[in-house]
Amino acid sequence: MSTIREQIVSTAVVALSTGAPESVPAPLRTRLDSPSADQLPALTVYQGTETVEPMRDAKAGAASHGPIVRRALLLSVEVLTKATAGALPDQAADPILAWATASLAAAGSFGGLANGPAIEIGTKFEYEQAETSFCRATQTFRLEYQTRADDAESLT
């Protein structure tokens, strides 16, 4: 079995793959290499920082599976685009970013894994000029969930 965190990231990849318009590339889970110019646009999903906060201890005298922790996962959705005949690189990224926001919002609580919908934190744009100039836009979403303190594979 995989951790709840990994299940959330996998669910995000599925959400971004389902019903995507033709202009939205298929998402990859954690790209480790840089795509070439002919592979753009590219869409990558990966996990960022996760924080853990004690939530509560087991109730005295009650059957329990152990203490519970609240987890907050920052999920990154990265879009790499190059200029096209009709759009600058950041303009080419915009409809893909809009699709990602709508798709993750529609995922709701990620099949009951998260405490609620993904909350968009922000988007960072970076520009690189090389043989092919491109834009890297990284959206960050926050997802909250909870697990047992001693078992990240088990919901509470």
Side-chain angles (χ1 to χ4, degrees), residues 1-53 55 69-84 87-156:
M1 185 170 190
S2 60
T3 64
I4 304 302
R5 174 183 48 256
E6 179 55 35
Q7 292 176 58
I8 286 173
V9 176
S10 294
T11 300
V13 171
V14 170
L16 292 167
S17 301
T18 306
E22 188 176 308
S23 61
V24 174
L28 293 179
R29 168 74 169 85
T30 312
R31 177 188 298 270
L32 298 176
D33 60 338
S34 295
S36 60
D38 62 335
Q39 294 174 312
L40 299 180
L43 178 61
T44 308
V45 180
Y46 55 93
Q47 58 196 2
T49 303
E50 180 180 65
T51 58
V52 180
E53 173 186 343
M55 195 169 149
V69 293
R70 177 178 295 123
R71 297 176 182 269
L73 172 66
L74 296 182
L75 180 74
S76 295
V77 175
E78 182 181 272
V79 176
L80 287 167
T81 53
K82 62 182 177 181
T84 63
L88 296 170
D90 53 350
Q91 290 172 320
D94 199 52
I96 301 169
L97 295 170
W99 165 255
T101 299
S103 295
L104 294 180
S109 65
F110 285 61
L113 296 168
N115 293 348
I119 300 165
E120 186 177 1
I121 302 297
T123 304
K124 179 181 180 182
F125 289 87
E126 299 174 277
Y127 303 89
E128 294 189 28
Q129 293 182 0
E131 187 174 314
T132 301
S133 297
F134 66 92
C135 173
R136 177 187 316 270
T138 307
Q139 287 182 305
T140 304
F141 295 87
R142 179 183 170 101
L143 287 120
E144 295 181 354
Y145 65 104
Q146 56 198 46
T147 66
R148 291 179 29 200
D150 63 347
D151 186 356
E153 293 181 348
S154 296
L155 291 170
T156 56

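Fair warning: this is a prediction, and the values are worked out from it, not measured in the lab.
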Peer 1: Is it true that Arg136 and Glu128 have a side-chain N and a carboxylate O under 4.0 angstrom from each other?
Peer 2: yes
Peer 1: Shortest non-hydrogen contact from Ala118 to Phe110?
Peer 2: CB-CE1, 4.1 Å
Peer 1: Does some side-chain heavy atom of Val24 sit less than 4.5 Å from a side-chain heavy atom of Glu22?
Peer 2: no
Peer 1: Return yes if a side-chain donor-acceptor contact under 3.5 Å exists between Thr147 and Arg71, otherwise no.
Peer 2: yes
Peer 1: About how many Å separate CZ of Arg148 and CD1 of Ile4, when rounded to the nearest 0.5 Å?
Peer 2: 11.0 Å
Peer 1: Would you indicate whether the side-chain heavy atoms of Asn115 and Gln146 approach each other to under 4.5 Å?
Peer 2: yes
Peer 1: Within the structure provided, determine whether Trp99 and Asp94 are in side-chain contact (heavy-atom separation under 4.5 Å).
Peer 2: no
Peer 1: Between Glu50 and Arg142, is there a side-chain N and carboxylate O pair less than 4.0 Å apart?
Peer 2: no
Peer 1: Can a side-chain donor-acceptor contact be found between Gln7 and Thr3 if the only test is distance below 3.5 angstrom?
Peer 2: no
Peer 1: Is any side-chain heavy atom of Val77 less than 4.5 Å from a side-chain heavy atom of Phe141?
Peer 2: yes
Peer 1: If you apply the rule side-chain contact (heavy atoms from CB on, under 4.5 Å), what do you find for Ser133 with Tyr127, and how did you get there?
Peer 2: CA-CA 7 Å; Ser133 297; Tyr127 303 89; over 6 Å; no
Peer 1: List the steps and the verdict of salt bridge (charged side-chain N to carboxylate O under 4.0 Å, His left out) for Glu144 and Arg70.
Peer 2: CA-CA 7 Å; Glu144 295 181 354; Arg70 177 178 295 123; 5.2 Å; no
Peer 1: With heavy-atom distances below 4.5 Å as the criterion, would you say the side chains of Leu73 and Tyr145 are in contact?
Peer 2: yes
Peer 1: Using the side-chain contact (heavy atoms from CB on, under 4.5 Å) definition, which of the options Leu40, Thr138, Leu43 pairs with Val79?
Peer 2: Leu43
Peer 1: Please check if the side chain of Gln91 supplies one atom and the backbone of Leu88 the other of a donor-acceptor pair under 3.5 Å.
Peer 2: yes
Peer 1: Can you give me the closest heavy-atom contact between Leu80 and Pro35, atom names plus distance?
Peer 2: CD1-CG, 3.5 Å
Peer 1: Would you check if Pro89 and Lys82 make a side-chain contact, meaning some heavy-atom pair closer than 4.5 Å?
Peer 2: no
Peer 1: Can you find a pair of side-chain heavy atoms, one from Leu75 and one from Leu104, that are under 4.5 Å apart?
Peer 2: yes
Peer 1: Assess, by modelled atom type and distance only, whether the side chains of Gln139 and Thr101 contain a donor and an acceptor separated by less than 3.5 Å.
Peer 2: yes
Peer 1: Should Thr123 and Thr140 count as side-chain neighbours, where that means a heavy-atom distance under 4.5 Å?
Peer 2: no
Peer 1: Applying side-chain contact (heavy atoms from CB on, under 4.5 Å), run through Thr11 and Leu113 and close with a yes or a no.
Peer 2: CA-CA 9 Å; Thr11 300; Leu113 296 168; 3.9 Å; yes
